[in-house]
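Counting convention: from 1, in listed order, for ligands and their atoms alike. We're numbering straight along the sequence, starting at 1.
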Amino acid sequence: MKKTILVTGGAGYIGSITILELIRNTDFEIISVDNFLNSSSKTFQRIKKISGKEIINYQIDLRDLENLKEVFENHKIDGIIHFAALKSVPESVAKPHWYYDNNLNSQLNIMKCCELYYIKNLIFSSSCSVYGEVQNLPVDENTPLSEVKCPYAHTKKIGEEMLVFWANQSKVNTIALRYFNPVGADPSGLLGEDPRNTPTNLVPVITGSAIGNLPPVKVFGSDYPTRDGSCIRDYVHVNDIADAHIKALIYLFEKKNHELFDIINLGTGSGVTVLEMIHSFIKVTGEKLNYILAERREGDVAQIYSNPQKAKDLLNWVPKYDVNQMMETAWKWQIYLKNDL
Ligand code: NAD
Ligand code: WQD
């Protein structure tokens, strides 16, 4: 029998690309829950345009347990990918209560529904931000977590901790995927990030600036102890991230996991500087980009990148896209989005 997957946050950046990859690569039925808190209702039209497939989305707040139960009454769900959360670092500093309420109560309701409806497979979106400031690079899953830098990261850290006890007690096979820096867009150029908030992450800032929506890019810090003085991060293409979710879900369905709760890093393993990202953008697009060297941004670490060996060993996941393709797809999407508002 066909399996049915519930994707929470299916209208969002990573959720929508994952739905598209699920359509392309599996025969799973897909249901979404998203209240468009930080996304556009056009997402599902875009998915249909690319794939021909109509996705059922329940426009409900995951904190509303009674409404959420209806989704589970209507569909026999085999596995859940729980993406839905608020994710802006500066916004979480400004409104911590909102972040704790939204992210943790949504997650608790998903956990509750797993128990009520006997769902045994769960993938949780975690983040490299749970590592905080690390001393030794690259970061693997055994790297000790240091103090988190913001309420957003704290919700992910608490979220993981809740899952440890709960997965073992409730016997729900659970994987927390810790993404490093997801970027880029679907290679079709027809689907990517379309948030309600003004972007603050590097790649949408670069493409937004190049297209004329945003001021010149500020490179936050040029005096870090790195090869060119700017910060180093582990950028990973969003379609590779989506692919890892599908692999993780199938891994659970095939009962290959030895632990009820496990954690897996998703990164390429390569650190790239801010200036290298900018130069890649200019090279692959041929566009002019104004940028200035600016002060360091509070809360930034000089460098962080992953050791992705565990994802390869357990899931056979190896990222396919390089930095130039990340920039190329992000730019293609930015151009499309300008005319699709
Ligand atoms: P996104 O904001 O694009 O998508 C999240 C979606 O969840 C949005 O469509 C939003 O409307 C929905 N949502 C939020 N709260 C909801 C609620 N209470 N009820 C129903 N829907 C709700 O974010 P994204 O980039 O796709 O991130 C997906 C997940 O991955 C998040 O959990 C995020 O914290 C995590 N993550 C993202 C990144 C990144 O850089 N994008 C990195 C690491 C981890
Ligand atoms: C990347 C680099 C900036 C904007 C965040 C979250 C993390 C995860 C991924 C969710 C940094 C520099 C940026 C700009 C710049 N998300 N930069 N000028 O901070 O590494 O990680 O997103 O879980 O939790 O913290 O990502 O894209 O904001 O920054 O120079 O205008 O680009 O200083 O070095 P970050 P980012």
message: Which of the numbered atoms in ligand 2 are under 4.0 angstrom from any heavy atom belonging to V89?
response: 6 (C), 25 (O)
Identity and separation of the nearest protein heavy atom to atom 30 (O) of ligand 2: F220 N, 2.8 Å
query: Where the side chain of Q107 meets the backbone of G159, is there a donor-acceptor pair that is under 3.5 Å apart?
result: yes
- request: Taking the side chain as every heavy atom from C-beta outward, state whether K283 and M327 have any pair of such atoms under 4.5 Å apart.
  value: no
- prompt: Salt-bridged, D340 to R46, with N to O below 4.0 Å?
  reply: yes
query: Using a heavy-atom cut-off of under 4.0 Å, does the side chain or the backbone of V203 touch ligand 2, or both, or neither?
result: neither
task: Flag this pair as yes if the NZ/CZ of K87 is under 6.0 angstrom from the six-membered ring centre of Y152 and inside a 45 degree cone about the axis; otherwise no.
output: no
- request: Check ligand 1 against S39 and write out every atom of the ligand that is under 4.0 Å from a heavy-atom position of the residue.
  value: 8 (C), 9 (O), 11 (O)
message: Looking at ligand 2, would Y235 count as a contact under a 4.0 Å heavy-atom criterion?
response: yes
Ligand 1 contact on Y152 by region, counting heavy-atom pairs under 4.0 Å: side chain
query: Heavy atom under 4.0 Å from ligand 2: found in Y179's side chain, backbone, both, or neither?
result: neither
- request: Report the part of Y224 in contact with ligand 2, treating N, CA, C, O as backbone and CB onward as side chain, heavy atoms under 4.0 Å; options are side chain, backbone, both, neither.
  value: neither
query: Looking only at protein heavy atoms, which one is nearest to atom 19 (O) of ligand 2, and how far off is it?
result: R297 NH2, 2.9 Å
- prompt: Which is it for P195 and ligand 1 at heavy atoms under 4.0 Å: side chain, backbone, both or neither?
  reply: neither
task: Could you tell me whether D64 and K69 have a side-chain N and a carboxylate O separated by less than 4.0 Å?
output: no
- request: Report, in ascending order of atom number, the atoms of ligand 1 lying under 4.0 Å from any heavy atom of I60.
  value: 19 (N), 20 (C)
message: Within the structure provided, determine whether R233 and C231 are in side-chain contact (heavy-atom separation under 4.5 Å).
response: yes
- prompt: Taking heavy atoms and a distance under 4.0 Å, where does S106 meet ligand 1: side chain, backbone, both or neither?
  reply: side chain
Atoms of ligand 2, numbered as shown, that sit under 4.0 Å from any heavy atom of S129: 24 (O)
- request: Would you name the heavy atoms of V203 and A330 that are closest together and state the gap between them?
  value: CG1-CB, 3.7 Å
message: For the 3.5 Å polar cut-off, considering only N or O atoms, please tell me whether L37 and ligand 1 meet it.
response: yes
query: Considering only heavy atoms of S126, which atoms of ligand 1 have at least one such atom less than 4.0 Å away?
result: 43 (C), 44 (C)
- line: For Y179, the atoms of ligand 1 under 4.0 Å from one of its heavy atoms are 30 (O), 35 (C), 36 (N), 37 (C), 42 (C), 43 (C), 44 (C)
query: Does the distance from a Lys or Arg side-chain N to an Asp or Glu carboxylate O, for K310 and E141, drop under 4.0 Å?
result: no
message: Do E70 and Y58 make a side-chain contact, defined as non-hydrogen atoms from C-beta onward lying under 4.5 Å apart?
response: no
task: Kindly indicate, with the supporting measurements, whether the criterion side-chain contact (heavy atoms from CB on, under 4.5 Å) is fulfilled by E21 and N239.
output: CA-CA 7 Å; E21 291 292 0; N239 288 64; 2.8 Å; yes
query: Any idea which atoms of ligand 2 are less than 4.0 Å away from a heavy-atom of C231?
result: 34 (O)
- prompt: Does a side-chain N-to-carboxylate-O contact under 4.0 Å join K320 and D243?
  reply: yes
- prompt: With no hydrogens and no angle check, is any side-chain donor or acceptor of R297 less than 3.5 Å from a backbone partner on V219?
  reply: no
message: With nothing but distance in play, are any N or O atoms of N35 less than 3.5 Å from an N or O of ligand 1?
response: yes
message: I want to confirm something. Looking only at heavy atoms, which of N102, N201, N103 is nearest to atom 18 (N) of ligand 1?
response: N102
- prompt: Does any N/O atom on G12 come nearer than 3.5 Å to any N/O atom on ligand 1?
  reply: yes
- prompt: Is K2 salt-bridged to D78, cutoff N-O under 4.0 Å?
  reply: no
statement: Minimal heavy-atom distance between N102 and D61, with the atoms involved, is OD1-OD1, 4.5 Å
message: Working note: I14 + E193, criterion side-chain contact (heavy atoms from CB on, under 4.5 Å); need CA distance, chi angles, decisive distance, verdict.
response: CA-CA 8 Å; I14 308 173; E193 187 162 21; over 6 Å; no
query: Considering only heavy atoms, does M277 approach ligand 2 within less than 4.0 Å through its side chain, its backbone, both, or neither?
result: neither
message: With respect to I14, determine whether any N or O atom, backbone or side chain, lies less than 3.5 Å from an N or O atom of ligand 1.
response: yes
- prompt: Within the structure, does N38 bring an N/O atom to less than 3.5 angstrom of an N/O atom in ligand 1?
  reply: yes
task: Considering the heavy atoms of K218, write down every atom of ligand 2 situated less than 4.0 Å from one of them.
output: 14 (C), 15 (C), 18 (N), 30 (O), 31 (O)
- prompt: What's the shortest heavy-atom distance between G10 and T43, and which atoms?
  reply: O-CG2, 4.2 Å
task: Please report which non-hydrogen protein atom sits nearest to atom 4 (C) of ligand 2, along with the residue it belongs to and the distance in Å to one decimal place.
output: T200 O, 3.4 Å
field: S127: numbered ligand 2 atoms lying under 4.0 Å from its heavy atoms
entry: 10 (C), 23 (O), 24 (O)
message: If you compare all heavy atoms of L214 against all heavy atoms of P199, which two are closest, and at what distance to 0.1 Å?
response: CD1-CG, 4.2 Å
- prompt: Does C128 have a non-hydrogen atom less than 4.0 Å from ligand 1?
  reply: no
- prompt: Please state which protein non-hydrogen atom is closest to atom 10 (C) of ligand 2 and give its distance, to 0.1 Å?
  reply: Y152 OH, 3.1 Å
field: Nitrogen or oxygen atoms of H82 and ligand 1 under 3.5 Å apart
entry: no
message: Quick test of your reading of the structure: of V272, L275, N201, whose heavy atom lies closest to atom 5 (C) of ligand 2?
response: N201
query: How far is atom 20 (O) of ligand 2 from its nearest protein heavy atom, and which residue and atom is that?
result: R233 NE, 2.6 Å
- request: Determine the minimum heavy-atom distance between P187 and Y321, stating which atoms define it.
  value: CG-OH, 3.2 Å
- prompt: Backbone, side chain, both or neither: what part of L202 comes under 4.0 angstrom of ligand 2, heavy atoms only?
  reply: both
message: Below 30° counts as parallel, above 60° as perpendicular, anything between as tilted: where do the rings of H245 and F83 land?
response: tilted
message: Below 3.5 Å, N or O to N or O, backbone or side chain included: is there any such pair between A11 and ligand 1?
response: no
- request: Going by heavy-atom distance to atom 14 (C) of ligand 1, choose the closest among S41, S127, A85.
  value: A85
message: Taking 4.0 angstrom as the limit and counting only heavy atoms of D61, give me the atoms of ligand 1 inside it, by number and element.
response: 17 (C), 18 (N), 19 (N)
query: Which ligand 2 atoms does V219 reach within 4.0 Å, using its non-hydrogen atoms?
result: 30 (O)
task: List the closest protein heavy-atom neighbour of atom 33 (O) of ligand 2: residue, atom name, distance to the nearest 0.1 Å.
output: D300 OD2, 2.6 Å
query: Does the distance from a Lys or Arg side-chain N to an Asp or Glu carboxylate O, for E295 and K218, drop under 4.0 Å?
result: no
- line: shortest atom 12 (C) of ligand 2-to-protein heavy-atom contact is with V274 CG2, 3.7 Å
query: Does the ring center of H154 lie less than 6.0 Å from the ring center of Y100?
result: yes
For atom 32 (O) of ligand 1, the option (of Y235, F83, F36, F124) bearing the nearest heavy atom: F83
query: Nearest to atom 23 (O) of ligand 1 by heavy atom, K156, K87, R178: which?
result: K87
- prompt: Can you name the nearest heavy-atom pair linking S16 to I47, along with the distance?
  reply: O-CD1, 4.0 Å
